[in-house]
Amino acid sequence: MHIHWEGIAMGIFSKLFGSSSAIEQELRVTYIPIIQRMMAGEVSASEAESMFNDLLRDIKNESLSEGTSNLPANYGDVLLQKEVNDEETRLILSKKRTEGVRDEDIRSWWNMHDLERRMAIKVDDFYRMCFGIEEFKQSTGDLDEIAARIRKIFPIYGDPDDTSNTTGADTPLPYELKDRINKYIEKTMQTNAEKSKKEIKASSTYNAFVRKEIAKGNI
């Protein structure tokens, strides 16, 4: 007998969050237009919705398999409270603080619904993938060059200790900085775009540029 594990997983998730949860609807309203813009208007609203549904299915499965589907709504506050007495939590957060992460960043990122966090990450990855594919079509097809170009144009998030692809100031930034960095990018693009572009060009990667701006107190 063939067992439809995906259907079972979705059933479990429905029991946890509801089949048509408010957060799912919020994500749908937010991200379907974003996906359309990412695709430069080359997909219809229904096609963008289909892409969104694929991403939503993926993050639901990931949430279940990684055991984060039942995190409390105030998990950021929980982490900050645990930091006081729990050595492991203190060590984890202290590493993030060396990257410029503040209490409000921890609270803001981890107080989000698990699906919100995962969708933000997934859509970022999707955009970089789309950009990389377009670069591949228009270039010699050197994947290392394309990856280097992506790192120059976009902030890359993940584990700052991950040196599998980059080292030093070029390593991934903590996800907790994402909102602050987005606000900084939006502000500089409106007020000081040319200066920022020159400084980014002079940096090895966008992440290196961000770390310099954090050190200066600009982010």
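Model, not experiment: these values are computed from the prediction.
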Query raised in the report: Quick check: are there more than 12 heavy atoms from other residues, nucleotides or ligands sitting under 6.0 Å from OH of Y127?
Result: no

Query raised in the report: Around atom CD of E66, are there more than 12 heavy atoms of other residues, nucleotides or ligands at under 6.0 Å?
Result: yes

Query raised in the report: Does some side-chain heavy atom of V101 sit less than 4.5 Å from a side-chain heavy atom of I106?
Result: yes

Requested in this report: For residues L71 and H113, determine if any side-chain heavy atom of one lies less than 4.5 Å from a side-chain heavy atom of the other.
Outcome: no

Query raised in the report: From N192 CG over to K197 NZ, what is the distance, rounded to the nearest 0.5 angstrom?
Result: 11.5 Å

Report task. Report the distance from atom CG of L55 to atom CE of M119, rounding to the nearest 0.5 Å. Result -> 5.5 Å

Query raised in the report: With a 3.5 Å cut-off and no angle check, do the side chains of R90 and N85 form a donor-acceptor pair?
Result: no

Report task. Answer whether the closest heavy-atom distance between the side chains of D159 and T171 falls below 4.5 Å. Result -> no

Report task. Working to the nearest 0.5 Å, report the span between OG1 of T205 and CZ of R149. Result -> 14.5 Å

Report task. May I ask you to test the I133-C130 pair for a side-chain heavy-atom distance under 4.5 Å? Result -> no

Requested in this report: Answer yes or no: is there a donor N or O on one side and an acceptor on the other, between the side chain of R151 and the main chain of Y206, under 3.5 Å?
Outcome: no

Only pairs under 3.5 Å count here: list side-chain donor-acceptor contacts from residues 73-82, not counting sequence neighbours, and write none if there are none.
residue : atom : partner : partner atom : Å
D77     : OD1  : R107    : NE           : 2.8
D77     : OD2  : N111    : ND2          : 2.9

Query raised in the report: When rounded to the nearest 0.5 angstrom, what is the spacing between CG in L115 and NZ in K122?
Result: 11.5 Å

**Report entry** Distance-only donor-acceptor check, side chains T68 and D114, under 3.5 Å
**Finding:** yes

Query raised in the report: Taking 4.0 angstrom as the limit, do E49 and R28 come out as a salt bridge?
Result: yes

Query raised in the report: So, T98 side chain and K95 main chain: donor-acceptor pair closer than 3.5 Å or not?
Result: yes

Report task. Would you indicate whether the side-chain heavy atoms of K212 and N218 approach each other to under 4.5 Å? Result -> no

Query raised in the report: Roughly how far apart are N53 CG and S46 OG, rounded to 0.5 Å?
Result: 11.0 Å

**Report entry** Crowding at NZ, K201 (>12 non-hydrogen neighbours, <6.0 Å)
**Finding:** no

Query raised in the report: In terms of hydrophobic clusters joined by side-chain contacts under 4.5 Å, are I153 and I121 together?
Result: no

Report task. Kindly compute the distance separating CD1 (I92) from CG (D86), expressed to the nearest 0.5 Å. Result -> 8.0 Å

**Report entry** Aromatic plane relationship, W109 with Y175 - under 30° parallel, 30 to 60° tilted, over 60° perpendicular
**Finding:** parallel

